[in-house]
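Reading through the structure tokens given below for one structure.
As the structure is a prediction and not an experimental result, all values here were calculated from the model. Below, read A as the first sequence line, B as the second, and so on, with proteins coming before strands; counting in each chain starts at 1.
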Amino acid sequence: MADLTLKERLNIPRQHIPEQDPQERVRNFQEVNLGYDEETAVLEANRCIQCKKPQCVDGCPVLVDIPEFIQLVVERRFREAAAVIKKDNTLPAVCGRVCPQEVQCEATCVLSKRGEPVAIGHLERYVADWEREHIGIQIPEKREPTGKRVAVVGSGPAGLSCADDLILMGHAVTVFEALHALGGVLVYGIPEFRLPKAVVQAEVDALDQFGVEFRTNYIIGFTETVDELLARFDAVFLGVGAGLPYFLDIPGEHLNGVYSANEYLTRVNLMKAYDFPRSDTPMFDMQDKNVAVFGGGNTAMDVVRTSLRLGAKRAVIMYRRTEAELPARIEEVIHAKEEGVEFMLLVSPIELIGDENGWLTSVRLQHMELGAPDASGRRRPLPIEGQTEEIPIDAAVIAIGNGSNPIIPQTTPDLEVNRWGNIIVDSQTMRTSKKGVFAGGDIVTGGATVILAMGAGRIAAKSINDYLNHPDVW
Amino acid sequence: MNTIVEARFLGPDTKLLRIVAPPIARKRKPGQFVIARVHAEGERIPLTIADADAEQGTITLIVLGIGKTTKLINTLEAGDCLEDLAGPLGQPSDIQNFGTAVCIGGGVGTAVVFPIAKALKSAGNYVISIAGGRDAASVILENELRQISDEVYPTTDDGSHGFHGLVTDKLQELIDAGQRIDYVFASGPVPMMQAVAAITARYEIKTGVSLNPIMVDGTGMCGGCRALVNNQTVFVCVDGPEFDAHQVDFDTLMLRNRMYREQEEASLDAHQCKLEAHADMRRA
Ligand SMILES: Cc1cc2nc3c(=O)[nH]c(=O)nc-3n(C[C@H](O)[C@H](O)[C@H](O)COP(=O)(O)OP(=O)(O)OC[C@H]3O[C@@H](n4cnc5c(N)ncnc54)[C@H](O)[C@@H]3O)c2cc1C
Ligand SMILES: Cc1cc2nc3c(=O)[nH]c(=O)nc-3n(C[C@H](O)[C@H](O)[C@H](O)COP(=O)(O)OP(=O)(O)OC[C@H]3O[C@@H](n4cnc5c(N)ncnc54)[C@H](O)[C@@H]3O)c2cc1C
Ligand code: SF4
Ligand code: SF4
Ligand code: FES
């Protein structure tokens, strides 16, 4: 198959990734996408026409050398393909699964102009899974120890990628994590059916093997302050994420049955509440209930699909714009629909109503229409005067985003934050206002994506290395 | 890690555990708490740091066995370890020299009150402690309180020990007797804190309470511990746990704490057999 003509390549249809049957998968928490087999992967890789000026690369926030790794897949040199991806992306098994490819690498792939783009995400996932399953996660040569010590705070994608690069540069790295498990949103937020915990654990294990020290149950700010860290480390990286859930600020949010997405997903994913009472953490009993999820992003999709898996009779996304504006990955929206999720669009909750025992019974919705575009370029939803509706629900989950956690700013007075509490950094170097302290990921940008957090962690690692070599220059 | 070096019952269901946790012991301030997990499938529960010894690197927890996790913790003995222990969490208590401070603990709430009473005493207050319980056996820390308070009044619902009546009855008695009170701190069951708040509001006495909502992470990430204070949503784990009693909406807190009542009972039943098996094993 190595010497296909251009025409032959263009005639290969995009290879669908096998997935669990929707009827089946709504009853389990196993991964929905099953992954390509070798022949399918090679066939899909053959669709790439190896552009001289590959536009796909421009669409990837970390500039993965897409044509090169795909060519190696064509040649079945998977080990080398993995090495090529990992030059730019330390978490390919994760990104292959959760990147919004349709607005990044696949959006700019030339093939998308005349048909369907190369399935770059599926191929990236294939290569990363192949490496992990066949030869184990490969680790490049480590440099001579530099004797320098760096503290990485937070074990999400920003922290893990920063730790990875720093240890390769020969620095000693300790990762401090507030929770009892490592991985940040990858373990407490994104559900097993989209990103198996074992995939994240394998990445953590590889770092562990490579000498990164991990301290869980360690809350920087409380267990030890940033200033105290600076006394025993040469530099500090803050990758603490955007974990402080927003509520709607409407009446009734304190009713039982009302959750933030973070609490809901943490109970189910991190604390394994779906396995209650074998695991000890309880969860609202979803069996045969009606669940409303407010929001339209990945988080909302994760919650609504989790609800079906917990036995909900009816699980509804209530979103204030139209389907075209849903911020979730397109694949998640498709999967959600296949699984029976309902979408109520152009509605916004204005009141949660409960019974005398404090339990949620219904939601009052305001119908909306789209007005002129707002600052983000999306058309702003506006209420339609007098058009409201009350719908009976048993549980409601608020998935409208996260602000920034106050613990670090409160305990680090000379660390500059903006008015939303995001840490202010120089975007080239990820340096904060405090000497020796760097930051990146959601704590800087507000809730964003895995790949952007990972990219920020890597820029910070490089910049920390520069600083460790020239500590006088700040 | 997290090894228990001392474990003894203070009352029928109340156990004191001293645990090796040097970083927490070093940093902890009165009013702060930890999140603990007993085993790998365990739930994360908040427990007040009742005392700490920075030199020995130990913290003291006092646990009332009311549900599956606390009962399980109370089967642990010296030499056992907790799976996870994270802290210190929450804002430290508001410690000032108010003048005369009355510290009121109901049941295991006395464990929350103890470190604060101790700190208030060190800050120069005249400290009056009221420790209530159902019966004599459920009044805890009475001796410890005596060492750090100027006056101590145990109270029992059944009159089997100390003052016969509720902690609030004792508080009212002090007020009626003309005792000057500049500050009240209370911790215990929600109805008790609510009743204390109602009394002190009448006399315009500044009052702090330590709230006990259901928590998960304890770091501000989930919003499960939200409560209404001054008509604003607060996250008790990061904004509290101590708040101005006269601004707290106790009714909401009470309803929210009942959220998992059925599941908790089911899970306690499921665990009861395990607990008994565990206890048998220890005896053997
Ligand atoms: C439900 C959900 C679904 C998502 N789906 C997608 C998706 O499909 N695709 C995508 O690209 N993005 C997705 N995202 C967004 C993505 O997960 C985040 O942008 C990304 O995880 C941010 O990484 P981070 O490293 O900055 O922070 P996080 O992943 O949030 O990790 C931060 C870590 O720091 C720890 N921490 C916080 N404070 C402290 C402290 N004081 N001391 C020690 N540790 C601390 C936290 O416990 C946490 O483990 C999703 C997010 C959610 C919530
Ligand atoms: C900041 C803070 C400090 C605390 N300090 C202590 C302490 O020092 N010693 C101590 O014994 N307990 C303390 N508690 C309460 C303790 O966390 C709960 O008793 C424990 O979580 C119950 O878990 P369980 O599995 O044993 O019982 P469950 O089976 O979960 O619950 C049994 C009963 O307790 C109620 N309950 C459940 N969770 C909580 C909770 N977090 N707070 C109050 N009631 C709850 C339930 O509604 C139910 O009625 C504190 C709570 C908070 C928020
Ligand atoms: S990292 Fe994400 S955006 Fe970049 S090539 Fe991989 S899937 Fe595409
Ligand atoms: S733009 Fe598309 S076809 Fe061109 S190199 Fe990239 S993936 Fe291949
Ligand atoms: S316990 Fe999760 S925010 Fe307080």
Side-chain angles (χ1 to χ4, degrees), chain A residues 177-181 188-189 215-219 221-225 228 240-247 249 253-267 270-273 275-285 354 356-359 398 402-407 410, chain B residues 1-2 21 23-24 26-28 32 34-35 37-45 67-69 72 83-91 214 216-228 233 235 238-239 249 251-256 258-260 262-264 266-271:
Chain A
E177 168 57 51
L179 294 173
H180 60 265
Y188 77 70
R215 296 290 305 270
T216 50
N217 297 315
Y218 212 97
I219 307 108
F222 282 143
T223 316
E224 196 168 358
T225 61
E228 286 164 322
V240 292
L244 190 85
Y246 286 135
F247 283 85
D249 212 11
E253 279 185 298
H254 292 263
L255 292 166
N256 286 335
V258 181
Y259 284 102
S260 76
N262 278 3
E263 181 184 0
Y264 189 95
L265 293 170
T266 300
R267 282 181 181 271
L270 182 68
M271 306 310 297
K272 306 191 192 108
D275 206 9
F276 182 86
R278 217 179 63 77
S279 73
D280 284 344
T281 303
M283 183 73 201
F284 179 83
D285 183 357
E356 66 284 3
N357 293 319
W359 284 90
I398 299 159
N402 287 303
S404 37
N405 192 292
I407 295 177
Q410 267 174 14
Chain B
M1 288 260 273
N2 313 328
I24 305 178
R26 209 161 38 233
K27 294 297 296 220
R28 129 310 159 181
Q32 291 187 302
V34 290
I35 291 272
R37 256 178 15 127
V38 198
H39 58 84
E41 306 296 318
E43 151 179 57
R44 296 170 64 94
I45 67 159
K68 105 230 103 185
T69 305
L72 189 61
E83 176 86 13
D84 294 295
L85 194 62
L89 293 162
Q91 302 296 331
I214 296 172
V216 186
D217 58 299
T219 65
M221 182 271 278
C222 78
C225 64
R226 66 191 181 278
L228 271 176
T233 295
F235 290 1
V238 284
D239 300 323
D249 179 341
D251 293 329
T252 309
L253 178 61
M254 202 143 24
L255 290 176
R256 284 187 61 77
R258 282 196 211 130
M259 167 116 193
Y260 299 105
E262 277 171 40
Q263 284 101 320
E264 282 153 356
S267 120
L268 180 58
D269 286 346
H271 273 67

Practice task
Salt-bridge test for Lys27(B) and Glu228(A): reply yes if a basic N is under 4.0 Å from a carboxylate O, no otherwise.
Solution key: yes
Problem - Asn357(A) atom CG: more than 12 heavy-atom contacts under 6.0 Å - result: yes
Problem - Side chain / backbone / both / neither for Leu265(A) at chain B, heavy atoms under 4.5 Å - result: neither
Practice task
Please look at Thr223(A) and chain B and tell me whether the side chain, the backbone, both or neither of the residue comes under 4.5 angstrom of a heavy atom of that chain.
Solution key: both
Fill in the blank from the handout: On a heavy-atom basis, the closest approach of Thr266(A) and Val216(B) is CG2-CG1, 4.0 Å
Handout entry: Residue among Ala40(B), Gly224(B), Gly218(B) with most heavy-atom pairs under 4.5 Å to chain A
Key = Gly224(B)
Handout entry: Choice from Val34(B), Leu89(B), Thr69(B), Ile24(B) maximising heavy atom contacts with chain A below 4.5 Å
Key = Leu89(B)
Fill in the blank from the handout: Shortest non-hydrogen pair, Glu263(A) vs Cys222(B), comes out as CB-O, 3.4 Å
Practice task
Output, in order, the C-alpha distance, side-chain angles, deciding distance and verdict of side chain to side chain contact (heavy atoms under 4.5 Å, CB included) for Met259(B) and Val258(A).
Solution key: CA-CA 10 Å; Met259(B) 167 116 193; Val258(A) 181; over 6 Å; no
Fill in the blank from the handout: Sequence neighbours excluded, the answer for side chain to side chain contact (heavy atoms under 4.5 Å, CB included) partners of Ala261(A) is Thr299(A), Val303(A), Val397(A), Ala399(A)
Exercise for the section: For Asn256(A) and Arg258(B), indicate whether the former's side chain and the latter's backbone hold a donor-acceptor pair under 3.5 Å. Expected result: no
Exercise for the section: Of all the heavy-atom pairs spanning Asp280(A) and Gly42(B), show the shortest one and how long it is. Expected result: OD2-CA, 3.5 Å
Problem - Contacting region of Arg26(B) [heavy-atom separation from chain A under 4.5 Å] - result: neither
Handout entry: Expected output: side-chain Asp217(B) to main-chain Leu179(A) donor-acceptor under 3.5 Å
Key = no
Problem - chain A contacts, top residue of Asp251(B), Thr233(B), Val238(B) (heavy-atom pairs, under 4.5 Å) - result: Thr233(B)
Problem - Contacting moiety of Thr252(B), where chain A heavy atoms sit under 4.5 Å - result: side chain
Exercise for the section: Kindly say whether Gly223(B) contributes a backbone atom to a donor-acceptor pair with the side chain of Ser260(A) at under 3.5 angstrom? Expected result: no
Problem - When Tyr259(A), Phe247(A), Tyr264(A) are compared by non-hydrogen pairs under 4.5 Å with chain B, the top option - result: Phe247(A)
Problem - OG1-CD distance between Thr281(A) and Glu41(B), expressed to the nearest 0.5 angstrom - result: 9.5 Å
Practice task
Could you tell me which non-hydrogen atom of Gly220(B) sits nearest to which non-hydrogen atom of Leu244(A), and how far apart they are?
Solution key: O-CD1, 3.0 Å
Completion exercise
dist Asn405(A):CG -> Phe235(B):CZ (nearest 0.5 Å) comes out at 10.0 Å
Exercise for the section: Under 4.5 Å, counting heavy-atom pairs only, tell me which of Met254(B), Arg256(B), Gln32(B) racks up the most with chain A. Expected result: Arg256(B)
Fill in the blank from the handout: Ranking Arg267(A), Gln410(A), Glu253(A), Glu224(A) by heavy-atom pairs under 4.5 Å to chain B gives rank one to Arg267(A)
Handout entry: Sub-4.5 Å side-chain heavy-atom contact between Leu255(B) and Trp359(A)
Key = no
Exercise for the section: Would you confirm whether Asp84(B), through its side chain, and His180(A), through its main-chain N or O, come within 3.5 Å as a donor-acceptor pair? Expected result: no
Exercise for the section: Side-chain contact test, heavy atoms from C-beta onward, threshold under 4.5 Å: evaluate it for Leu85(B) versus Asn217(A) and give yes or no. Expected result: no
